[in-house]
Amino acid sequence: MTHYLVNFLLPALITAGFLYGIRLMQTPHTALRGNRIGALCMLVAVLLVLWQYGLFGRPMVWAALITGSLIGLRMAQRVKTIQMPQMVALFNGLGGAASALVILACLNLLVTETWWFGWLVSALALAVGSITFSGSVVASLKLEGWMTSKPLFFRGQSVLTKWIFYFIPTITVLAVIDKRPALLYAVTVSALLYGILLAMRVGGADMPVIISFLNSLSGVAASVSGIALGNLLAAGVGALVGVAGMILTQIMCRAMNRDLLSVLRGFKDYAGSPETDNTQAAVSGDASSEASARLTADDIPRLLREAHKVLIVPGYGMALSQAQQAVKNLMDALEKGGKEVKVAVHPVAGRMPGHMHVLLAEVGVDYDRLFDMAKINHEFAETDVVVAVGACDVMNPAAASTEGTPISGMPILKVSEAKAVIVCNLNEKPGYSGVENTLYREGHVIPLWGDASETVPEITAALTQQG
Amino acid sequence: MSLTVVLIFVGACALLGYRIIAAVPPLLHTPLMSGMNALSGITLLVALASLKTSGAVSLLACTAVVLAAINVVGGYWVTDRMLRMYKRGSGKETEK
C-alpha cells in the first residue's frame, strides 16, 4: 500500500500540481502564483525522493544540492533581461547534461539486463541529453557574444551534419542489437558533436527556434532518463516540458516560415553571404536619398502632433542599445498628448519567444499595450505614425515580394501601410537576415540612423516642445 | 512500477500538457519557457535516486545533482524575477 502511494499516487498528485501551476501561466496576473506553485511542487518532489531513498543523512547529497542551488541562485539574480536567452539556453544545457550523466552513472545497472529496452532508453537518453548539452552551450556562447553570432560554416559541414544525423539512430539500433557499452559511448560522442554542428550554424535571428527546440529536448532527455530508471514523476514531467518546447518551436517556425526538419538538417537558406547584400543595400540607400517629395526628420514634430494613433515596433536592436526606457518615455509623452499608443510585437522579435514583452515589462510598460502580430497587423493601415525601434527583418516588405532570401515567405508586420514611419535603427544595413530592407526606400519612411537610446529621446523632445 | 504504467502516464502528461500550454499567450512565452526550463531539472529526482548506490559512480551522479539543482533553482528564480516585472508594470498603470 505504501509502495503504491509513494510510487504512483504522490507522483501523480505532484504532477497535477505542476499542471495547475502551468495553467495559471495562461494569464499575466496569475502567472507569478503559477510559477511559485511549480517551485513548491518541485520542492515537495525532491523531499519525497530524499525520504524515499533515505538520503537525508548523506552529507554528499546535501553538499551537491546546496552547491547547485547556490550557483543557480547567484546566476539567476545577476542576469540582465537582455541576457535571458543565453541564461535559458545554458540552463537547458545543464538539464540535458544532468540527464545524460545520470544514465552514465547507472549504466551498469541499466545495461547488464539482457532486456533490449534498457539499452534503447539508455542510448536515447544519452543521445538527447548530449545534444541538448553541447547545442545549448554553443547557442549560449553565441548569444553572449563569446562566439560570433553569424552562422558558422566550414567545408563539408552540411555533409558531416547529415551523416551524423543518420549515424546516431543507426548506432542506437546497433547498440540495442549488439549490446556493447562501447556503442553507447559512440552515441554520446557523436551526439555531442551533432549538438555543436547544429547550433554553430544557427544565426542570431534563428535563435528563438533553436532555443525552443533545445528546451524541448531537455524535457525529452529528462523524460527518457525517468523512463529508463523507473521514475514516474521525471518521466511524466519531462514529457510535459518536451511538449511545451515543441509547441514554442512550432510557433517560432511558423513565424519564420521554416520547417523544423530544415532547421535540424541545417539552415540551407543561409548559404548566401550577407556581405554582398550589405554593399547592395548601401548603394541603393545612396540612390534613394536623392528621391524627392519624401518625408524628412523635419516633419516629425508635425506628424506626431497631428497623429491620432501611434504604433511602436520594437526589435532586438532596442535591447542592444538599451532604449527600452526611452521607448517607455516616448509612449508616456504620446499618451499625455491624448494619442492611442500600442506596441506591435512580431513573434520572433528578439532572441527568444516573448523576449520583447519581458524587456518592455521591465521598464514598466503595461502588458495591455503589447499586441501580437496576428492581432494588430490589420491596424497599420489606420495608423498615423509607426515608430520602429531596432527592428528590421520583421517589417521588411521584401519578405513578401522577393523569392529565395532567408526571410522569403516570413509573415511580417505591415508597417509600410501606415501613413508615416519613423525608423530608429543604428544604420541602413540589413537586419540579421542580410536582406536589404526595401522599406527604407519608401517615401513615407523617415530613417533616424543612430543609437536608438539617443534618437528615441529626440523624438520625445520634438513632441514635448510642440506641446 | 511496470513500464506500461509509466508509458501511459507519460502519454497522459503530454496530452494534458499540450492542451494547457498551447493556451499560454505570447506575452508570457519567455516566462513559460524559463519555467519549463526549471521543470526540465526534474531529472534532479532521477539523479538523487541514483545516489542511493554509493561507490565510484556516485561522483557522476553527484555532478548530475549539482547541474540539475542549478537548473531548477536558477530557472524558478529567474522566472519569478521576470514575472514580478510584469506585475509591477500593470500595477503602476492602474495606480495612475
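Residue numbers start from 1 in every chain, and the chains themselves are labelled A, B, ... in the order their sequence lines are given, proteins ahead of strands.
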Part of A:Thr27 within contact of chain B (heavy atom distance under 4.5 Å): backbone
A:Asn215 vs A:Met352, side-chain contact (heavy atoms from CB on, under 4.5 Å): CA-CA, chis, key distance, verdict: CA-CA 11 Å; A:Asn215 188 229; A:Met352 72 188 293; over 6 Å; no
Proximity breakdown for A:Asn231 and chain B, heavy-atom pairs closer than 4.5 Å: side chain
Chain A contacts, top residue of B:Ala12, B:Gly75, B:Ala23, B:Pro26 (heavy-atom pairs, under 4.5 Å): B:Pro26
Chain B interface, residue from A:Ser218, A:Gly219, A:Gly54 that has the most non-hydrogen pairs under 4.5 Å: A:Ser218
A:Phe18 and A:Met42, any side-chain heavy atoms less than 4.5 Å apart: yes
When A:Leu43, A:Val243, A:Val345, A:Leu229 are compared by non-hydrogen pairs under 4.5 Å with chain B, the top option: A:Val243
Distance (rounded to the nearest 0.5 Å) between B:Tyr18 OH and A:Leu240 CG: 13.5 Å
Among the listed options B:Asn37, B:Leu15, B:Val66, the residue most often paired with chain A at heavy-atom distances under 4.5 Å: B:Asn37
Residue part contacting chain B, namely of A:Leu50, when any heavy atom lies under 4.5 Å: side chain
Cationic N near anionic O, under 4.0 Å, A:Asp332 to A:Lys336: no
Which atoms of B:Ala68 approach chain A - backbone, side chain, both or neither, heavy atom under 4.5 Å: both
Top contributor to chain B contacts, counting heavy-atom pairs under 4.5 Å, from A:Val220, A:Leu73, A:Leu107: A:Leu73
Any A:Leu90 side-chain heavy atom under 4.5 Å of A:Met87 side chain: no
Part of A:Arg36 lying under 4.5 Å from any heavy atom of chain B: side chain
Atom pair CG (A:Asn35) and CZ (B:Arg81), whose distance is rounded to the nearest 0.5 Å: 13.0 Å
For B:Val65, all residues meeting side chain to side chain contact (heavy atoms under 4.5 Å, CB included), sequence neighbours excluded: A:Ala64, A:Leu65, B:Leu44, B:Ala47, B:Leu48, B:Leu51
Winner by heavy-atom pair count (cut-off under 4.5 Å) against chain A, out of B:Gly41, B:Ala38, B:Ser34, B:Pro25: B:Pro25
Best-contacting candidate, B:Ala14, B:Gly17, B:Ala64, against chain A by heavy atom pairs under 4.5 angstrom: B:Ala64
Residues in ring pair (Phe, Tyr, Trp, His ring centres under 6.0 Å) contact with A:Phe117, at least two apart in sequence or another chain: A:Trp115
Part of A:Ile22 within contact of chain B (heavy atom distance under 4.5 Å): both
Among A:Ile211, A:Leu233, A:Asn92, residue most engaged with chain B (heavy-atom pairs, under 4.5 Å): A:Asn92
Side chains of A:Arg33 and A:Ile37 in contact at under 4.5 Å (non-hydrogen atoms): yes
Pick from B:Val72, B:Thr63, B:Ile20, B:Leu32 with the largest number of heavy-atom pairs that fall under 4.5 Å of chain A: B:Ile20
Which atoms of A:Ala63 approach chain B - backbone, side chain, both or neither, heavy atom under 4.5 Å: neither
Nearest-0.5 Å distance, CZ of residue A:Phe91 to CG of residue A:Leu214: 15.0 Å
Chain A contact via B:Leu7 - side chain, backbone, both or neither, heavy atoms under 4.5 Å: side chain
pair A:Leu248-B:Met36: side-chain heavy atoms closer than 4.5 Å: no
